[in-house]
Participant: 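What follows is a structure written as structure tokens; I'll ask about it next.
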Amino acid sequence: MKTIKIFLIVLLLPLSGCATVAVVNMDDEGFSVEEDERRLASRADEQSELLTDSGFVYNDREVESYMNNIAQKLLATQFPHGDKPDITIVLLKNPALNAFALGNGHIYIHTGIFSSATTEAQMAALIAHEMTHIVNRHILKQFRSIKNKSAFIATVAPLGLPGLLAQLGGISSIAGFSQHLEYEADEGGYNMLFKSHYDVRESVKLFESLEKYIDDEEIKQPYFFSSHPHVKNRISNFKQLAAKQKMAEDAVINTAAYSKLWKKVAMDNMRYCLDQGFFKTAANLIDVYLKRYEEVEGQYLKGEIYRKRQDRPKSQRKTSRDKTEDYQIAMNAYHKVIAQDASFALAYRGLAMVLQKLNQKEAALKNFETYLSKAPSADDQAYIRQTIEMIKNENNKE
Amino acid sequence: MKIIKNKLILLALTTMMASTTGCATWTHLESKVYTDKKQGFSARLPKDWMRFNQGKEFIITRDGVVLNRISVREFDFNVRLLDTSKMFIESMTPQEIADISIELDRANKNIRHLSILSNQPATISGEPGYRIAYTYKTSSELSIKGIEYGFIHKDKVKVITFTAAQIHYYDSTVGDFEQFIKSFRLQ
């Protein structure tokens, strides 16, 4: 496998000498697929295969089908006479706010950025941006403009999935394009969005969420923005673009179908956030979620997020997180669940765990016992008995 | 599990370096009780395994660290685990420590198709702890099966891990690991 990949890179290098040949967009006259582009697509196919087998794909036909329909709707404005490029949208289980396009027309969207796009128009803005990279053949342009061949090899050579996920640069949009190409994708995406009758002002909101995420999680260089056009500049550009055109009053912001999918993906994404320690993002997202859906599952997850939260502000790096406030928020959430649905066993467990941390042992024991009685076949019954035993032993010592 | 993956590279490098400086990097083991003064435990070592002599961690293998290995590691409290904001806290229960271990593995891009076969409390040398059994695939497509024990002892989280290639190596060495665990005593 390694030999094949190195061979492909060696094959690609001489072709990169075609930098002087003009690259027209896919929707321009005279467009045809060129040989080096075919090779880039073939390499991208290998990467797609790795991603498909990785176990990191969020396999949900309903979600993927809906996203692909949005892509087709946007493409129809760019290619009114048919002959559209093949675009496939794939969702990845990853809470990082990222999306990227490969040279084979596959667009990968993380559950993190999906959850951040709270309306269909925001999601359409994201897809339109990535599709513009494909339609305007930015990957080919980027490839042909690369002067530092060894750096290019370094970005396309990583083998295996970790390397792939870490640095898909060179053959995809995730390593970021030049400032010019990113702005072009912003503008192209904006136009597609406008022509498709989406409310373009929503794109600003998407970028604002991304800006918040960078700040919250102290992200140095998220792929989606690349390092070149600063996110603040892009927000400002979108605002200027939006100010130029009058939006139709019935421009689409959101749909019930998208909201239904968002609810499912956002819930899963918060769990991925907990796995990867993106606590602030999870805490922000649960607030957005609960504003829309005041239900026990969401409240329970809020309790879990605050019970487990371990991130520390920069100023407190050398000390542990002060958990008092977190535990209070967690307890409130668990109490809300119990008030709404007294049979929701996990809420008693969460409450007991928090009470134990607050050294309220008797109350903790009572809630652990309630959990055991309400969930007699829970997987963690033995753990809870172990914890009860530990608390009782501590009580005896005192 | 995740931490071990990163350590493997270090292990290979250290082995290379040590072999050039004349140190005995690996010790062939007899079936006898071994005392690890650094980490404060003793255990009966399985016959025909090899012990790695470098670094703080206790690591033994029979057929090579990729194919099977037993390790004993310890972690301080309030120290970020890998590149996440997660850490072990003194007040955590065995269940909470096990949860963090599983969450870190789920977030690890080197560990694919992680499946938790069981996650139960356990007692290790009298200390309340956990036992997780799992399978996963490495980034190079090797199917691994493993068992992890963990517990708190003297202001540290101790983790004892056994992993082996699922085909052939797991079944042929899991008995050695169970004997190791049975004889494991804290000093």
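None of these values were measured; they are calculated from a predicted model. Naming: A, B, ... by sequence-line order, numbering from 1 per chain.
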Participant: Take a 6.0 Å sphere around CD of A/E369 and say whether it holds more than 12 heavy atoms from other residues, nucleotides or ligands.
Facilitator: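 Above 12, so yes.
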
Participant: Which value, rounded to the nearest 0.5 Å, describes the distance between A/Q386 atom CD and B/T123 atom OG1?
Facilitator: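 One gets 6.5 Å once the value is rounded to the nearest 0.5 Å.
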
Participant: Between A/G55 and B/H113, which heavy-atom pair has the shortest distance, and what is it?
Facilitator: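 Reported closest heavy-atom pair: CA-CE1, 3.4 Å.
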
Participant: What residue in B/S91, B/P121, B/P128 has the most heavy-atom pairs under 4.5 Å with chain A?
Facilitator: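 Heavy-atom pair counts peak at B/P121.
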
Participant: Could you grab the distance from atom CG of A/D380 to atom CD of B/Q95, nearest 0.5 Å is fine?
Facilitator: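 Between A/D380 CG and B/Q95 CD, I get 4.5 Å after rounding to 0.5 Å.
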
Participant: Chain A heavy atoms under 4.5 Å from B/Y130: which part of the residue, side chain, backbone, both or neither?
Facilitator: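 B/Y130 touches chain A through backbone and side-chain heavy atoms alike.
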
Participant: Determine whether more than 12 heavy atoms belonging to other residues, nucleotides or ligands lie under 6.0 Å from atom NZ of A/K323.
Facilitator: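 Counting neighbours around NZ of A/K323, more than 12 heavy atoms of other residues, nucleotides or ligands fall under 6.0 Å, so yes.
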
Participant: Using side-chain contact (heavy atoms from CB on, under 4.5 Å), reason through A/Y383 and B/N119 one step at a time and then give a plain yes or no.
Facilitator: CA-CA 9 Å; A/Y383 268 127; B/N119 176 10; 2.5 Å; yes

Participant: Please evaluate residues B/R106 and A/Y272 with respect to the criterion side-chain contact (heavy atoms from CB on, under 4.5 Å), reporting the C-alpha separation (whole Å), side-chain torsions for both, the decisive distance (0.1 Å), and the verdict.
Facilitator: CA-CA 8 Å; B/R106 278 205 209 108; A/Y272 307 148; over 6 Å; no

Participant: Tell me which of these, A/R271, A/Q276, A/Q310, A/R309, has more heavy-atom pairs under 4.5 Å with chain B than the rest.
Facilitator: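 It is A/Q310.
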
Participant: Please state whether the side chain, the backbone, both or neither of A/K93 comes within less than 4.5 Å of a heavy atom of chain B.
Facilitator: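 No part of A/K93 comes within 4.5 Å of chain B.
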
Participant: Let me confirm one number: the CG-NZ distance from A/D311 to B/K86, rounded to the nearest 0.5 Å.
Facilitator: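 Output value for this atom pair is 11.0 Å.
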
Participant: Could you have a look at A/L274, A/D379, A/I384 and say which one has the most heavy-atom pairs with chain B under 4.5 angstrom?
Facilitator: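 The candidate making the most pairs under 4.5 Å is A/L274.
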
Participant: With a 6.0 Å cut-off (strictly less than), is the heavy-atom count around NZ of A/K264, excluding the residue itself, greater than 12?
Facilitator: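 Yes - once you tally the heavy atoms of other residues, nucleotides and ligands closer than 6.0 Å, there are more than 12.
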
Participant: Return the minimal non-hydrogen interatomic distance between B/S85 and A/G277, and the atom names on each side.
Facilitator: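 Here B/S85 and A/G277 meet closest at OG-O, 3.0 Å.
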
Participant: At a heavy-atom separation under 4.5 Å, does A/Q356 approach chain B through its side chain, its backbone, both, or neither?
Facilitator: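 Interface part for A/Q356: side chain.
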
Participant: For the CG atom on B/L142, are there more than 12 heavy atoms of other groups (residues, nucleotides or ligands in this structure) within a distance under 6.0 Å?
Facilitator: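 Yes.
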
Participant: Any donor-acceptor pair under 3.5 Å linking the side chain of A/K308 with the backbone of B/E96?
Facilitator: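 No; zero donor-acceptor contacts below 3.5 Å.
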
Participant: Can you tell which part of B/E141 gets under 4.5 Å to a heavy atom of chain A, answering side chain, backbone, both or neither?
Facilitator: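 Interface part for B/E141: neither.
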
Participant: How far does CG of B/D99 sit from CG of A/D275, to the nearest 0.5 angstrom?
Facilitator: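 Result: 10.0 Å between the selected atoms.
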
Participant: Is it the case that over 12 heavy atoms from other parts of the model lie below 6.0 angstrom from the NZ atom of A/K212?
Facilitator: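 Not more than 12 within 6.0 Å, no.
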
